[in-house]
Visitor: 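Below you'll find the structure I mean.
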Amino acid sequence: MQSSDHQQITHRYNGIAIGLHWLIAILIIGLLMMGKYMTQLDETDAFRFELTQWHKSFGISVLVLSICRLVWRLMHRAPPLPTHMPRWERAAAGATHVFLYFLMLGLPLSGWIMVSASPLNIDTLLFNLLKLPHLPPFAEMANRAEIAELFHTVHEMASGVLIVLLLLHIGAALRHQFVLRDQIMSRISFDFKNPGTKDGLGLFAGVVVAAIAGTMLFNTAINAPDAVSRQSGAEQGVATAQNQVNFTLTLLGENLEGQFTESEIIVNLDENNIAQSSLRASVVTATADTGTPQVDNALPGADWFSSDLHPVADFESSGFSRIDDDTLKVEGMLTIRETSLPISFPLVLNRQDASASGGFTINRLDYAIGAAEQPDDSQAGFNVLVEFEFKLP
Ligand code: HEM
């Protein structure tokens with residue numbers, strides 16, 4: 001009896017190795033199903049876009065956990081295999097395990113390379129918390145579209161090989177458990193009566209909690225300069241007031257609505273001499289908010305609003321005329337990224353609640369918005385609808 005207890009303790013993996021094994025296993029099986037499902041959806045389906053963001057977050061988690069598992073494995077000896085196991089089976093198990101490690105690292109890496117090289121330049125926000133940088137050599141290559149395509153194929157083929165290896169691995173485990181009944185599965189199963197397992201689990205839970213806390217702290221730290229710069233924008237006198245400036249853009253065939261949370265509209269309306277009226281409006285481009293973190297992170301970027309260089313987009317009227325009692329025609333210059341173009345739009349007066357509203361459509365390429373990253377409209381449409389409403393003085 002004593003000797004069988006001894007066997008149990010020394011012939012098992014410890015809590016950390018067991019915990020990592022099952023966590024990675026669940027994530028990989030989920031990612032394989034998720035990957036196959038999401039790639040069946042229409043490319044213009046916003047749900048596919050959202051699933052892909054989660055897929056990338058969990059995929060990078062597998063990469064991090066697999067590195068931990070590999071480090072553990074290199075620092076510890078695996079418990080010896082039972083002596084009754086034939087040589088061919090030991091060799092087959094060893095080879096399968098080496099291939100599995102190779103794919104646990106290689107598959108997420110191929111995904112990371114694919115999104116880094118992709119000319120779509122879509123940001124990866126891990127769990128909506130932490131921005132995953134694009135891998136530098138791939139993000140800057142001249143032939144990045146081909147590299148992205150190549151690694152897309154690698155990712156797809158590697159996932160196929162992984163499915164075959166997993167079936168072999170699970171098949172072998174089931175054979176040991178139910179045909180040979182030799183307790184091989186107990187080497188990698190949680191044993192809550194074993195104090196060593198409990199210690200390992202405690203440590204493992206600690207690592208997970210520390211990783212989450214670390215991520216949140218890091219996230220707060222990298223967002224701090226952003227908060228400061230937004231605050232300084234407010235100090236420059238760009239007030240929110242009672243204005244509403246909204247925009248609607250098209251992403252993957254779907255309308256996405258957003259607003260500029262900081263805007264200023266100064267209107268001087270002379271109903272008796274309408275031609276003398278004036279309107280000046282400005283928005284802080286970095287405050288564009290669609291509620292979709294990937295889009296909101298991209299919009300202030302160099303190829304889009306380039307908010308660092310051009311923090312404000314503005315409109316200045318040059319002429320007012322009357323269309324009917326409640327509608328005026330406003331003409332003027334719209335300046336975005338230092339490109340000024342003439343526009344005109346109807347301004348509807350709502351005297352009952354002393355407000356006015358209007359709207360116009362621009363072609364983003366006229367202002368070189370997204371011209372390098374999205375030169376065609378297959379992902380991001382050309383037309384952007386801008387609508388606004390403000391209280392009359
Ligand atoms: C162990 C981890 C991972 C597994 C098991 C996995 C599995 C898969 C599978 C099965 C597909 C569908 C392939 C197809 O049939 O076309 C897929 C697609 C995809 N994966 Fe992963 N993946 C992993 C990690 C990652 C990572 C880390 C990233 C990026 C950071 C990533 C990015 C993508 C993208 C963007 C697609 C969709 C490609 C498309 O839209 O056609 N994956 N993945």
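Whatever order the structure lists ligands and atoms in, that order sets their numbers, starting from 1.
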Visitor: Is the CD atom of E257 crowded by more than 12 outside heavy atoms at less than 6.0 Å?
Guide: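 Not more than 12 within 6.0 Å, no.
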
Visitor: Quick one: do the D296 and T290 side chains pair a donor with an acceptor below 3.5 Å?
Guide: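 Yes, a side-chain donor-acceptor pair sits under 3.5 Å.
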
Visitor: Of all the atoms in ligand 1, which lie at a distance below 4.0 Å from a heavy atom belonging to H152?
Guide: 38 (C), 39 (C), 41 (O)

Visitor: Where on M34 is there a heavy atom closer than 4.0 Å to ligand 1, on the side chain, on the backbone, on both, or on neither?
Guide: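 Under 4.0 Å from ligand 1, M34 contributes no heavy atoms.
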
Visitor: Heavy-atom contacts with R48 under 4.0 Å: which atoms of ligand 1 show up? List them by number with element.
Guide: 39 (C), 40 (O), 41 (O)

Visitor: If the plane angle is over 60° it's perpendicular, under 30° parallel, otherwise tilted; pick one for F360 and F388.
Guide: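 Answer is tilted, since the angle falls between 30° and 60°.
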
Visitor: Which of the atoms of ligand 1 are close to T52, meaning less than 4.0 Å from one of its heavy atoms?
Guide: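 Near T52, meaning under 4.0 Å from one of its heavy atoms, ligand 1 has 35 (C).
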
Visitor: Looking only at heavy atoms of T124, does any of them come nearer than 4.0 Å to an atom of ligand 1?
Guide: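 The answer is no, since T124 has no heavy atom less than 4.0 Å from ligand 1.
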
Visitor: Looking at atom 34 (C) of ligand 1, what's its closest protein heavy atom, distance included?
Guide: M114 CE, 3.8 Å

Visitor: Do R69 and Y101 have side-chain N/O donor and acceptor atoms under 3.5 Å apart?
Guide: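 Yes - a donor-acceptor pair under 3.5 Å links their side chains.
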
Visitor: With 2.8 Å as the limit, count the protein N, O or S atoms near atom 21 (Fe) of ligand 1.
Guide: 2

Visitor: Is it true that V62 lies under 4.0 Å from ligand 1, counting heavy atoms only?
Guide: yes

Visitor: Looking only at protein heavy atoms, which one is nearest to atom 13 (C) of ligand 1, and how far off is it?
Guide: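 Checked against all protein heavy atoms, atom 13 (C) of ligand 1 sits closest to E156 CG, 4.0 Å.
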
Visitor: Indicate yes or no: does an N/O atom of K36 lie under 3.5 Å from an N/O atom of ligand 1?
Guide: yes

Visitor: How about F99: does its CZ atom have over 12 heavy atoms from other parts shown lying under 6.0 Å from it?
Guide: no

Visitor: I'd like to know if the side chain of D376 pairs up with that of Q374 as donor and acceptor (distance under 3.5 Å, no hydrogens or angles considered).
Guide: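 Side-chain D/A pair, D376 to Q374: absent.
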
Visitor: Please tell me if the side chains of P311 and F305 come closer than 4.5 Å, counting only heavy atoms from C-beta onward.
Guide: no

Visitor: Throw together a table of side-chain donor-acceptor distances under 3.5 angstrom for residues 24-32, partners on residues two or more places apart or in other chains.
Guide:
none

Visitor: Could you tell me which atoms of ligand 1, counted from 1 in the order shown, lie closer than 4.0 angstrom to a heavy atom of M38?
Guide: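 Once the distances to M38 are compared, the set is 18 (C), 19 (C), 36 (C), 37 (C).
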
Visitor: How does I60 reach ligand 1, if at all, at less than 4.0 Å between non-hydrogen atoms: by side chain, backbone, both, or neither?
Guide: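 Within the 4.0 Å criterion, I60 contacts ligand 1 through backbone and side-chain atoms alike.
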
Visitor: For S307 and T285, which I'm curious about, is there any donor-acceptor pair between the side chains at under 3.5 Å?
Guide: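 Yes, a side-chain donor-acceptor pair sits under 3.5 Å.
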
Visitor: Under a 3.5 Å cutoff, is there a donor and acceptor pairing between the side chains of E50 and H55?
Guide: no

Visitor: Does a donor on one side chain sit under 3.5 Å from an acceptor on the other, for S321 and K329?
Guide: no

